[in-house]
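Structure record follows, encoded as structure tokens.
All ligand and atom numbering here is 1-based and tracks the order in the structure. If you're wondering where the values come from, they're calculated on a predicted model, not measured in any experiment.
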Amino acid sequence: MSASRRSMAIHAGIAVAAILGVTACAGPRAVATGNVATGKPVIAFTFDDIPVHGPLPPGMSRVNVMQSITDTLAAARVPASGFFNGGVGADDPGSPRTTMVWTRAGLPLGNHGFRHLGLQEAGATAFAADVIRNETSLIAARPKGDYHWFRYPFLAEGGDPASRDTIRGMLHARGYRIAAVTMAFGDYLWNPVYAACAGKGDAAAIARLEDSFLADARRAAIASRAGAMAQAGRDIPYVLLMHAGAFDARMLPRLIALYRSMGFGFVTLAQAQSDPFYAAAMDLTKPGPTPTLATPALAGPDPKACS
Ligand SMILES: [Zn+2]
């Protein structure tokens with residue numbers, strides 16, 4: 001409780017400072033944060049739930065989804081990191097090919113747990129075993145670079161400090177860094193609605209989904225910048241949470257164009273998390289939880305658009 005009050009007081013103080021010194025935050029300070037040489041705000045894309053995320057629209061395979069995502073990233077020259085569940089979709093012969101599309105595009109792959117367990121529900125012992133089990137599948141997938149990046153399923157780090165510290169200790173001992181999330185807009189919510197609308201061939205409903213997706217992405221980006229200003233007094237490099245879903249694939253070219261129009265550039269996850277804001281995600285001997293920013297209120301898709 002006291003931490004929350006302290007955070008609110010800091011938040012209020014920085015908000016006042018931001019109002020008084022708006023021009024001071026725009027130029028030299030942005031450069032000093034290490035947002036590459038350009039000084040513009042930057043985003044690191046991350047895609048969770050490789051190889052299986054969400055329902056598919058008719059006529060689309062998971063390999064198609066992954067091919068579309070990696071083609072878009074390559075054409076736009078946007079780096080990205082993926083997060084892998086070796087035990088999800090293991091009974092689908094298409095899963096290894098889906099993962100291979102990602103790795104053959106030269107994109108790195110980190111650990112997201114073998115079965116995508118929630119830490120709270122599974123308990124620390126089973127959760128740790130599941131993370132370790134996923135390493136065998138990760139090594140077999142032969143991703144580019146070091147796979148020792150971990151993204152918590154459901155972003156859940158444990159309901160009590162003891163289990164959180166147990167898992168941080170295990171991850172540290174195995175050489176992991178934690179992939180933080182400092183920009184998110186609930187992208188995954190659109191995938192099932194899109195699949196339903198595509199099944200009905202409802203083009204008007206899909207157009208509305210496209211609009212609402214981009215509107216929430218914009219809101220979340222603005223909110224992350226405001227949150228960073230309040231919490232750190234400056235822009236930080238943002239780590240964006242996405243998922244390997246069909247609607248994510250469909251919208252990715254427009255999403256990248258939106259961020260570019262808002263002035264963002266793009267960096268790797270490692271580049272983003274070299275910022276001191278992420279120190280507790282990079283060095284797991286430091287106390288948790290993983291640094292983050294508050295999630296803004298967003299509209300989401302109309303869940304009944306095509307039900
Ligand atoms: Zn996930």
Measure centre to centre between the rings of Phe150 and Tyr152, then say whether the value is under 6.0 Å.
yes
Between Tyr176 and His148 (judged by ring centroids, cut-off 6.0 Å), do the two rings come close enough to count as a pair?
yes
Axial cation check for Phe264 ring with Arg225, 6.0 Å and 45° limits
yes
Check all N, O or S atoms of Asp49 and name the one closest to the Zn ion (ligand 1).
OD1
Around atom CZ of Arg254, are there more than 12 heavy atoms from other residues, nucleotides or ligands closer than 6.0 Å?
yes
If I take every N, O or S atom of [X], is at least one of them less than 2.8 Å from the Zn ion (ligand 1)?
{"X": "His53", "answer": "no"}
{"X": "His112", "answer": "yes"}
{"X": "Asp48", "answer": "no"}

